[in-house]
Amino acid sequence: AKALGRNTYSFFTPQMNVVIQRRLAIEEQMHGALQRNEFELHYQPQLDVKNKHVTGAEALLRWYNPVLGNIPPDEFIPIAEHNGLIISIGKFVIKQALQLLKKWQNQCLNKGQHHKYTMAVNLSPSQFRDTALLSFIKDTLSELDVKAKYLELEITEGVLMNAKLNINDTLQEITKLGIKLSMDDFGTGYSSLSYLRQYPFNVLKIDRMFINGITSKKEDCNLVKATIAMSHSLGLTVVAEGVETKEQLVLLGELNCDFVQGYYFSKPLPEELLLDFSPRFL
Ligand code: C2E
Ligand code: CA
Ligand code: CA
Ligand code: CA
């Protein structure tokens, strides 16, 4: 359509057409992608700020499609949410992540180390509407012989915002099983504080947006400092996301942050590289 003048709304602009085409192509390719083994998990190590030991990893989904190439999760997950495929994709993620966790923990045992790693898995809102979610997680944990306390479920405010009444029951059940609950992207939404009061979170993840500015902006530094202190007073541990520099790491240590993840130590890694990973110190 042609622009008809300043105040005329023309519905299909060429740019919109491109957006719609792309979305349709993603939808089309997404059907069957799981069966064609196009999804893969990468794992970003998480480290203890004080002793720099690896404590666990976050599983992050990757999709390579022969027609479309690599499609970032920020682009395809909202679409999978919309068309319902997130339910089966989400099960794949949980299963793969726990399988790798088992392998990783066994590797540790074989080296004579006692430490047990944790695995953090992201869950999206519609996975919570799946009444079979909990039994699937329970079954997978027992099938693989992984203790619930080594699994951490990361949820964002999006899960809680559109929550129906029974969301709290689900979250309570999750914690009753011993699974850890983590509030992801803290600080980017609207009423994070009231959610912390209402729901049984164990871990708080400070969004990269704030970590980015801590060494240059006094305000960001103060916000992060206050967030860490508040989390500790509520009995939560704190993970800082998106740590990219040594200066950020040092400052986070001074602010008593518990755990970090970010490019400074490692990008998300394919399975084999996670199993080989040991942090280097710059
Ligand atoms: P998220 O859960 O907030 O994940 C952190 C994102 O930050 C990841 O992007 C990670 O690769 C990136 N990141 C980590 N460290 C750094 C750093 O130091 N600097 C910068 N610039 N970025 C860093 P990714 O893998 O593209 O994932 C994007 C989002 O997609 C995730 O954000 C999460 O919301 C969603 N996602 C990924 N995998 C899954 C999944 O299996 N299930 C669901 N429901 N969502 C997922
Ligand atoms: Ca996350
Ligand atoms: Ca996050
Ligand atoms: Ca995010």
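Indexing begins at 1, ligand by ligand and atom by atom, following the structure's order.
Among heteroatoms of the N, O or S kind in Glu58, OE2 lies nearest the Ca ion (ligand 2). Summary: OE1 is the N/O/S atom of Glu154 found nearest to the Ca ion (ligand 2).
Of the polar atoms of Leu123, none of the N or O atoms is found under 3.5 Å from an N or O of ligand 1, judged by distance alone. Between Glu154 and ligand 1, no N or O atom pair is found at a separation short of 3.5 Å. For ligand 1, none of its N or O atoms has an N or O atom of Tyr264 under 3.5 Å away.
Cation-pi geometry between Lys91 and Phe136 is met: the NZ or CZ atom falls under 6.0 Å from the ring centre, inside 45° of the normal. Cation-pi geometry between Lys267 and Tyr263 is satisfied (NZ or CZ under 6.0 Å from the ring centre, within 45° of the ring normal).
Those atoms of ligand 1 with a heavy atom of Gly262 less than 4.0 angstrom away are 15 (N), 18 (O). Of all the atoms in ligand 1, the ones that sit under 4.0 Å from a non-hydrogen atom of Glu244 are 17 (C), 18 (O), 19 (N), 20 (C), 21 (N). Of all atoms in ligand 1, numbered sequentially from 1 with element shown, those under 4.0 Å from a heavy atom of Pro268 are 11 (O). For ligand 1 and Asp185, the ligand atoms under 4.0 Å from any heavy atom of the residue are 3 (O). Of all atoms in ligand 1, listed by their number and element, those nearer than 4.0 Å to a heavy atom of Glu58 are 2 (O), 4 (O). Close contacts between ligand 1 and Ser124 involve ligand atoms 44 (N) [criterion: under 4.0 Å to a heavy atom]. Heavy-atom contacts of Gln44 reach the following atoms of ligand 1: 14 (C), 15 (N) (cutoff under 4.0 Å).
When the options Leu41, Val93, Asp74, Thr245 are ranked by their closest heavy atom to atom 28 (C) of ligand 1, first place goes to Asp74. Taking all heavy atoms of Val243, Leu60, Ile155, Ile77 into account, the minimum distance to atom 8 (C) of ligand 1 is reached by Leu60.
The shortest separation from a heavy atom of His42 to ligand 1 is not under 4.0 Å, leaving the residue out of contact. Residue contacts with ligand 1 include Gly242, since one or more of its heavy atoms lies under 4.0 Å from the ligand. Look at Gln261 and you'll find every heavy atom at least 4.0 Å from all atoms of ligand 1.
Atoms CD and CD1, from Gln127 and Ile94 in turn, are 5.5 Å apart once rounded to the nearest 0.5 Å.
Annotation: Arg36, atom CZ; neighbour count of heavy atoms from other residues, nucleotides and ligands within 6.0 Å is above 12. When the shell of 6.0 Å around CE of Met230 is examined, it contains more than 12 heavy atoms from other residues, nucleotides or ligands. The number of heavy atoms from other shown groups lying within 6.0 Å of NZ (Lys225) does not exceed 12.
For the pair Asp207/Phe186, no side-chain contact is recorded, criterion being any heavy-atom separation below 4.5 Å from C-beta on. In this structure the side chain of Leu151 reaches within 4.5 angstrom of the side chain of Leu153, judged on heavy atoms. Put simply, the side chain of Leu41 does not reach to within 4.5 Å of the side chain of Leu100, judged on heavy atoms.
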Determine, stepwise, if the pair Glu241 / Lys205 fulfils salt bridge (charged side-chain N to carboxylate O under 4.0 Å, His left out). CA-CA 7 Å; Glu241 300 190 301; Lys205 297 190 80 173; 3.7 Å; yes
Where do Arg208 and Glu244 land on the salt bridge (charged side-chain N to carboxylate O under 4.0 Å, His left out) test, with the steps shown first? CA-CA 10 Å; Arg208 187 168 84 226; Glu244 294 183 350; 5.4 Å; no
Take Glu81 and Ser126 through the test side chain to side chain donor-acceptor pair (under 3.5 Å) and record every step on the way to the result. CA-CA 6 Å; Glu81 273 274 297; Ser126 56; 2.8 Å; yes
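Asp185 lies apart from the Ca ion (ligand 2) in this respect, since none of its N, O or S atoms is found at a distance under 3.0 Å. Not one N/O/S atom of Glu241, from backbone or side chain, sits under 3.0 Å from the Ca ion (ligand 2). In summary, an N, O or S atom of Asn122 is located under 3.0 Å from the Ca ion (ligand 2). For the Ca ion (ligand 3), the N/O/S atoms of Asp184 include one lying under 3.0 Å.
Counting heavy atoms under 4.0 Å from ligand 1, residue Lys205 does not touch it at all. With a 4.0 Å heavy-atom cut-off, ligand 1 is reached by the side chain of Glu241 but not by its N, CA, C or O.
Taking the six-membered ring for Trp and thresholds of 30 and 60 degrees, Phe92 and Phe39 have ring planes inclined between 30 and 60 degrees apart.
No hydrogens or angles considered: nothing links the side chains of Asn168 and Gln198 as a donor-acceptor pair under 3.5 Å.
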